[in-house]
Amino acid sequence: MQNPFSSNYRDKSDDELIDSAVNGSVAALEALIYRHQHFIYNIALKMMGNVQDAQDITQEILIKIITKLSQFKKESNFRTWLYRITFNHFLQMKKSMSELATESFEVVEKQLDSIPSQALSLLEESEMRDEIEETKLACMNGMLLCLERDQRLVFILGELFNVNHDLGANLLNISKDNFRQKLSRARKDLYNFMNKKCGLIRKDNPCRCSSKTKGFILAGKVNPDNLQFNKDYLKTIQEVIGQKKDEYDDFVTENYAVIFTKHPFQEKEHKQIIFNRLINNESLSNIFSLGDNDSLSKQ
């Protein structure tokens with residue numbers, strides 16, 4: 001799997017798949033979608049903090065891409081074209097329930113304070129390590145929702161997915177200075193809150209993932225029988241993206257950023273779910289109505 005945000009990304013591979021897909025190859029269309037689907041989905045998951053929303057949004061974006069594919073004239077590279085469509089969708093869509101429930105850092109702080117802390121024994125910590133990790137991921141995803149959408153997207157791109165300022169500005173169709181400013185502001189807002197509240201950052205902070213886990217379970221924020229974030233993954237974001245290369249601006253963020261980049265990079269569960277939805281979508285039926293020898297349902 002090639003990282004579309006890396007400096008050595010091969011746009012030519014996209015062009016070859018596009019030509020074949022437009023000429024009727026479902027296998028080429030499938031390969032093109034899988035080439036970008038994981039990144040669209042994982043960014044959507046961080047944008048929305050909800051698995052179902054991320055799946056729905058990824059499907060909506062891929063439908064847009066597929067239906068517009070024949071209109072792509074190669075006046076820019078496909079990566080720019082695709083991710084501008086993707087990021088415009090993120091910024092323009094209706095607010096989700098998760099976003100409406102998480103309006104600000106003050107709201108999150110009150111929500112966290114309302115959940116009682118309960119220390120776990122060493123045995124409980126060992127037995128509940130998956131639930132503790134799920135609590136951490138759910139909490140940190142909730143923190144991301146406190147950022148304004150444009151700041152959140154810039155933060156996810158620049159801090160989690162290591163998109164350099166030039167590429168990030170290009171994909172968002174904004175100036176490099178604007179990208180930098182939004183990233184700097186997002187870092188400060190998020191990391192100042194974490195510095196004040198989060199036990200992952202400061203040992204003397206009272207809020208700790210392990211002590212909040214039972215409370216998160218009782219509140220219905222973590223379901224031990226159906227983990228949403230801490231399951232079925234092979235790599236972390238950091239392992240997929242690689243080490244950061246941009247120098248930090250005016251805020252020391254290394255220790256903070258690594259906590260986010262160690263989050264799972266989801267590849268498995270959503271892959272076939274979303275593609276099965278696409279091939280059964282009525283609006284795409286003509287695109288997928290190819291011969292049996294090239295049928296996606298057989299792959």
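What you see is a predicted model; the values in this text were computed from it and never measured.
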Going through the distances and angles, do Leu172 and Val154 end up as a side chain to side chain contact (heavy atoms under 4.5 Å, CB included)?
CA-CA 9 Å; Leu172 289 170; Val154 168; 3.6 Å; yes
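- Considering OG of Ser104 and CG of Asp189, their distance stands at 11.5 Å, rounded to 0.5 Å.
- In the model, Asp177 has no side-chain atom that pairs as donor or acceptor with a side-chain atom of Ser175 under 3.5 Å.
- No hydrogens or angles considered: a donor-acceptor pair under 3.5 Å links the side chains of Asn141 and Lys46.
- Here NZ of Lys110 is found 13.0 Å from CG of Leu112. Values are rounded to the nearest 0.5 Å.
- Taking 4.5 Å as the limit, every side-chain heavy atom of Phe161 sits out of range of all side-chain heavy atoms of Val240.
- Ion pairing between a basic and an acidic side chain is recognised when a charged N comes within 4.0 Å of a carboxylate O; Lys196 and Glu109 show such pairing.
- The hydrophobic cluster containing Leu82 does not contain Tyr9, counting ILVMFWY residues as joined when their side-chain heavy atoms lie under 4.5 angstrom apart, directly or transitively.
- In this structure, CD on Glu159 lies 8.5 Å from CG on Leu190, to the nearest 0.5 angstrom.
- Aromatic rings of Phe39 and Phe265 (six-membered ring for Trp) have centroids within the 6.0 Å cut-off, being under it.
- In the displayed structure, Gln52 atom CD is contacted under 6.0 Å by more than 12 heavy atoms of other residues, nucleotides or ligands.
- Note that OG1 of Thr86 and CG of Leu153 are 10.0 Å apart. Values are rounded to the nearest 0.5 Å.
- Between Tyr34 and His38, the ring planes lie parallel to each other; the angle is under 30°, not in the 30° to 60° tilted range.
- Cluster membership for Val258 and Ile201, using ILVMFWY side-chain heavy atoms within less than 4.5 angstrom, is shared.
- You'll find the side chain of Phe90 reaches within 4.5 Å of the side chain of Ile57, heavy atoms only.
- No hydrogens or angles considered: nothing links the side chains of Thr236 and Gln238 as a donor-acceptor pair under 3.5 Å.
- With a 6.0 Å radius and a threshold of 12 heavy atoms from other residues, nucleotides or ligands, Arg185 has its CZ atom at or below the threshold.
- Under a 4.0 Å N-O distance rule, the pair Lys214/Glu124 qualifies as a salt bridge.
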Going through the distances and angles, do Asn170 and Arg84 end up as a side chain to side chain contact (heavy atoms under 4.5 Å, CB included)?
CA-CA 9 Å; Asn170 183 40; Arg84 281 189 179 178; 3.1 Å; yes
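- When all heavy atoms are compared, the tightest approach of Ala28 to Ala21 is CB-N, 3.8 Å.
- For the residue pair Arg187/Asn192, the side-chain donor-acceptor check at 3.5 Å is not satisfied.
- Asp14 and Lys74 are not joined by a salt bridge, as no carboxylate oxygen comes within less than 4.0 angstrom of a charged side-chain nitrogen.
- Of all heavy-atom pairs between Lys197 and Asn205, the closest is O-CB, 3.5 Å.
- Inter-residue side-chain proximity for Leu120 and Ser211 is flagged as unmet; no heavy-atom pair is nearer than 4.5 Å.
- Here the two rings, on Tyr191 and Phe155, have centers that are under 6.0 Å apart.
- Under 4.0 Å is where a charged nitrogen must lie from a carboxylate oxygen, and between Lys231 and Glu134 no such pair does.
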Do His89 and Glu60 pass the side chain to side chain donor-acceptor pair (under 3.5 Å) test, and can you show the C-alpha distance, the side-chain angles, and the key distance before you say yes or no?
CA-CA 9 Å; His89 188 94; Glu60 292 166 7; 2.9 Å; yes
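- A ring-centre distance under 6.0 Å is not found for Tyr41 and His36.
- Between the SG atom of Cys209 and the CG atom of Leu200 there is a distance of 4.0 Å, given to the nearest 0.5 Å.
- In this model, a donor atom of one side chain and an acceptor atom of the other lie less than 3.5 Å apart for Asn77 and Thr80.
- Here the closest heavy-atom approach between residue Pro224 and residue Ile217 is recorded as CG-CD1, 3.9 Å.
- Atom CG of Leu122 is surrounded by 12 or fewer heavy atoms from other residues, nucleotides or ligands within 6.0 Å.
- For the pair Ala54 and Ala44, the tightest heavy-atom approach, listed with the atom from each and the gap, is CB-C, 4.0 Å.
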